[in-house]
There are 2 protein chains.
Amino acid sequence: MLSERQMMILRAVVRDFTNSGVPVGSKALAKQLPIHVSSATIRNEMAALEELGLIRKTHSSSGRIPSVEGYRYYVDHLVKPDPLRPNDLNMIQSSLGGDFHKIDEIISQSATILSNLTSYTAFTLKPELKDSRLSGFRLVPLGHRQIMAILVTDSGDVENQTFDVTEAVTGEQLEAVVRLINDQLVGLTLPAVLQKLQTDIPAKITHYLQSPQGFLDIFGDVLTRAAQERFYVGGRLNLLNFSQDSDVDSLKALYSLIDKTDDIADVLGQPRDNISVQIGNEMTNDALRYYSLITATYDVNQHGRGMIAILGPTRMPYSRMIGLLGAFREELAKKLLDYYRHYDE
Amino acid sequence: MLSERQMMILRAVVRDFTNSGVPVGSKALAKQLPIHVSSATIRNEMAALEELGLIRKTHSSSGRIPSVEGYRYYVDHLVKPDPLRPNDLNMIQSSLGGDFHKIDEIISQSATILSNLTSYTAFTLKPELKDSRLSGFRLVPLGHRQIMAILVTDSGDVENQTFDVTEAVTGEQLEAVVRLINDQLVGLTLPAVLQKLQTDIPAKITHYLQSPQGFLDIFGDVLTRAAQERFYVGGRLNLLNFSQDSDVDSLKALYSLIDKTDDIADVLGQPRDNISVQIGNEMTNDALRYYSLITATYDVNQHGRGMIAILGPTRMPYSRMIGLLGAFREELAKKLLDYYRHYDE
DNA sequence: ATTTAGCAATCTCTTTCGTTAAGTGCTAAT
DNA sequence: ATTAGCACTTAACGAAAGAGATTGCTAAAT
């Protein structure tokens with residue numbers, strides 16, 4: 001258990017260091033703290049905090065910087081979300097103010113806004129019902145032996161893909177296949193569909209197609225694509241700002257990570273409640289060792305729950321970022337409710 | 001006009017410098033050149049070459065490196081394409097060997113292969129007929145007031161987009177609109193379609209839709225998207241390898257450039273004949289000052305002409321890269337002809 | 001029992017200086 | 001036309017020195 005004074009010091013160390021990037025010494029603290037004590041006293045307290053593993057030195061005679069545990073204590077017990085700057089609120093509202101024809105545009109736009117506001121990298125995930133189900137399937141002949149397969153889920157996701165077929169396929173054949181899919185598979189969850197696709201369907205589909213493998217592949221592709229949670233990313237390039245002395249390799253690892261949908265979904269993990277902060281090596285992924293991730297959920301009533309997140313250096317102004325995410329998710333939820341109000345029956 | 005010996009020296013300077021990255025001195029050259037002259041003689045010749053602006057020093061007593069003009073002379077007069085390494089040929093053939101369902105997969109895969117072979121960034125553009133024309137248009141109702149618009153061009157490009165509609169729209173209305181578009185616009189070039197979209201169509205379409213603006217916007221979007229030449233990019237991250245001492249700003253400029261389809265299309269420019277090299281500031285774009293671009297066209301008979309390109313540091317092994325691109329475009333053309341043979345009538 | 005002043009010790013950062021190695025240009029001899 | 005020889009220039013490296021910041025510790029003060 002920390003004393004009041006120790007908390008005060010830890011808070012000041014975090015605040016100073018996240019602002020300046022320079023280790024903070026006892027003298028600077030003594031000068032700025034509201035209580036009147038000498039630097040020697042601060043030094044004693046700092047030694048205690050170091051003993052507890054909350055702060056550390058970069059070399060034997062340097063000032064202190066927060067350790068991962070120190071940041072953790074700070075965000076768990078000491079941080080107070082900054083109120084949103086009026087400018088930022090304006091920026092959010094005007095960027096979300098326009099007319100959108102698709103949810104995805106709002107969500108993708110949100111990633112851009114967030115990355116601009118923070119100058120970090122932002123992720124957004126649209127509100128999603130748990131276990132979305134297949135609600136419709138189409139095959140549209142495009143001429144030239146091209147066909148487009150379209151898949152719709154009950155959460156409104158649309159996934160599509162065109163492919164070329166070698167053999168001539170008639171409209172009746174296509175309709176038969178579509179009917180088969182819609183009869184057998186609509187209403188099931190996507191994993192269940194994927195399951196049946198390998199068991200029941202192949203036998204049945206041979207009634208209509210001579211060589212169904214191509215079709216099954218395509219359908220499987222589109223299906224797995226639809227089953228993946230889809231993230232939008234804003235401000236990719238901002239990661240360049242924090243690369244330590246051009247450490248190209250770790251930068252490449254980082255970019256590979258955020259570009260692989262599966263991997264980054266893993267990192268963001270299950271929607272935690274509210275706002276959650278993950279710091280440095282608290283994340284198991286090695287590429288994120290020197291970064292922190294702040295995630296926040298947002299609720300759109302019966303339309304499900306989505307997520308927004310920002311990824312920046314461990315040394316980031318947490319109070320500002322937490323305040324920002326908190327405010328942003330409310331604006332976003334509002335906007336989405338508004339959107340649904342227009343388009344729902 | 002350069003003497004034989006001067007050419008020999010220039011060639012050696014380029015070869016050495018692109019290999020080692022270190023300025024080349026007279027002594028090293030004297031040792032490696034096939035003719036037997038002293039370093040002092042080489043120095044005299046080098047002074048002459050410098051006078052001509054083909055090579056330059058990095059500081060007053062350094063060895064020489066090629067200037068942009070020197071590289072230019074080299075690729076125009078001295079370079080001899082390296083024959084393809086057997087390994088590379090294997091790699092190309094096995095990567096292109098599989099079965100593909102879409103041309104775009106072949107082209108996109110090609111970008112990846114090229115970037116792997118070169119460890120630079122690669123661009124590929126699919127074979128395209130000049131002035132492709134609108135060949136089909138569909139509106140597919142997806143339920144939930146979602147509609148997908150699909151546009152097909154006579155070169156086989158498919159572009160699509162879903163959108164949500166506020167008012168209820170009946171199947172008959174959609175069919176009427178589709179019929180209108182297909183009657184009035186199919187067969188025209190895309191710019192012509194875009195033109196008519198703003199003049200003739202709005203008046204006619206109000207027969208079928210109360211508020212056609214949303215639809216017109218979407219159609220316009222899809223159209224402009226289809227009219228853009230679409231590039232595939234491979235090995236984006238390879239650009240990180242050459243960033244001078246973490247010059248974040250120019251790196252950002254570079255990435256913004258290659259991610260904007262319009263801009264990069266501008267840079268690649270009109271398909272030149274054969275294989276073309278653009279060096280450093282020969283390209284007007286400032287972000288490319290320290291890079292070189294090698295482009296090559298490939299022909300797929302009546303199916304049009306496409307382009308492949310690689311972007312790497314000015315100091316790149318041109319002979320190897322030119323040989324590589326030359327071989328690759330032949331393999332790619334072969335593969336595409338093969339592909340069309342299966343899918344054409 | 002705390003707190004503080006004082007101080008030696010430690011470490012980084014920057015500057016300076018000398019050394020080495022590579023390379024050039026020029027001159028005079030071949 | 002070529003070459004040997006040499007003075008000169010510069011980058012790169014490392015050692016040395018000094019400035020500045022900060023710590024831990026000790027002993028005195030509160």
Side-chain angles (χ1 to χ4, degrees), chain A residues 1-10 12-17 19-67 70 244-246 315, chain B residues 1-10 12-17 19-67 70 244-246 315:
Chain A
M1 190 57 193
L2 299 191
S3 71
E4 274 302 323
R5 197 166 65 185
Q6 286 172 329
M7 289 187 194
M8 183 185 295
I9 290 175
L10 178 57
V13 169
V14 172
R15 184 160 25 76
D16 261 37
F17 180 66
N19 279 340
S20 68
V22 173
V24 296
S26 53
K27 212 158 139 197
L29 282 183
K31 210 171 290 172
Q32 101 186 233
L33 284 185
I35 56 177
H36 198 75
V37 288
S38 75
S39 65
T41 307
I42 307 271
R43 276 201 289 286
N44 289 332
E45 295 286 36
M46 284 171 106
L49 286 173
E50 183 167 21
E51 187 72 19
L52 291 169
L54 297 177
I55 59 180
R56 63 193 179 83
K57 297 188 272 196
T58 59
H59 60 84
S60 75
S61 74
S62 78
R64 304 304 211 293
I65 67 175
S67 68
Q244 328 275 32
D245 53 84
S246 73
R315 155 177 116 64
Chain B
M1 190 54 193
L2 300 191
S3 71
E4 274 302 321
R5 195 165 67 185
Q6 286 171 329
M7 291 187 192
M8 184 185 294
I9 290 175
L10 177 56
V13 169
V14 172
R15 184 160 25 76
D16 261 35
F17 180 66
N19 279 339
S20 69
V22 173
V24 212
S26 55
K27 213 157 136 198
L29 282 182
K31 210 171 291 173
Q32 99 186 237
L33 284 184
I35 56 176
H36 199 73
V37 288
S38 76
S39 65
T41 308
I42 307 272
R43 277 202 290 284
N44 291 332
E45 295 285 37
M46 284 171 104
L49 286 172
E50 183 166 20
E51 188 71 21
L52 292 169
L54 298 177
I55 59 180
R56 62 192 181 83
K57 298 189 271 197
T58 60
H59 60 83
S60 76
S61 75
S62 79
R64 304 305 211 293
I65 67 175
S67 68
Q244 329 273 36
D245 54 82
S246 72
R315 154 177 117 64

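Lettering follows sequence order; numbering is per chain, from 1. Worth knowing before you read on, the calculation uses all heavy atoms, side chains too, and leaves out hydrogens, waters and symmetry mates.
- Judged by atom type and distance alone, B:R64 does not reach the base of C:dG25 through any side-chain donor-acceptor pair under 3.5 Å.
- Atom CG in A:N44 sits roughly 18 Å away from atom P in D:dA29 (whole-Å rounding).
- Close to D:dT23, at under 4.0 Å from its OP1 or OP2, lies a side-chain N or O of A:S26.
- Rounded to an integer number of Å, the gap from B:I55 CD1 to C:dG25 C1' is 14 Å.
- Atoms CG (B:L49) and P (C:dT24) sit 12 Å apart, rounded to a whole Å.
- Atoms NE2 (A:H59) and C1' (C:dC13) sit 10 Å apart, rounded to a whole Å.
- Checking C:dA5, C:dT24, D:dT3 against the side-chain heavy atoms of A:S38 singles out C:dA5 as nearest.
- Rounded to 10°, the angle separating the first-five-pair axis and the last-five-pair axis of the helix from C:dA1-D:dT30 to C:dT30-D:dA1 equals 10°.
- In this structure, B:K31 atom NZ and D:dT3 atom P are separated by 16 Å, rounded to whole Å.
- Remark: P of C:dT3 and NE2 of A:H36 are 13 Å apart, rounded to the nearest angstrom.
- Comparing D:dT2, D:dT23, C:dG25 against the side chain of B:K57 picks out C:dG25 as the nearest.
- Within the nucleic acid shown, A:K27 has no heavy atom closer than 4.0 Å to any nucleic acid atom.
- Checked against C:dA5, C:dT10, D:dG5, the side chain of B:R43 finds its nearest nucleotide in D:dG5.
- The base of C:dT10 sits with one of its N or O atoms less than 3.5 Å from a complementary donor or acceptor on the side chain of A:S61.
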For residues 23-34 of chain B, run the donor-acceptor check on the side chains, cut-off 3.5 Å, and write out each pair with its distance to 0.1 Å, sequence neighbours left out.
residue : atom : partner : partner atom : Å
B:S26   : OG   : B:R43   : NH1          : 3.2
B:Q32   : NE2  : B:D16   : OD2          : 3.1

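- Heavy atoms only, all atoms of each residue included: A:R56 and A:E50 are closest at CA-OE2, 4.0 Å.
- For the pair B:I42 CD1 and D:dA4 P, the computed distance is 12 Å after rounding to whole Å.
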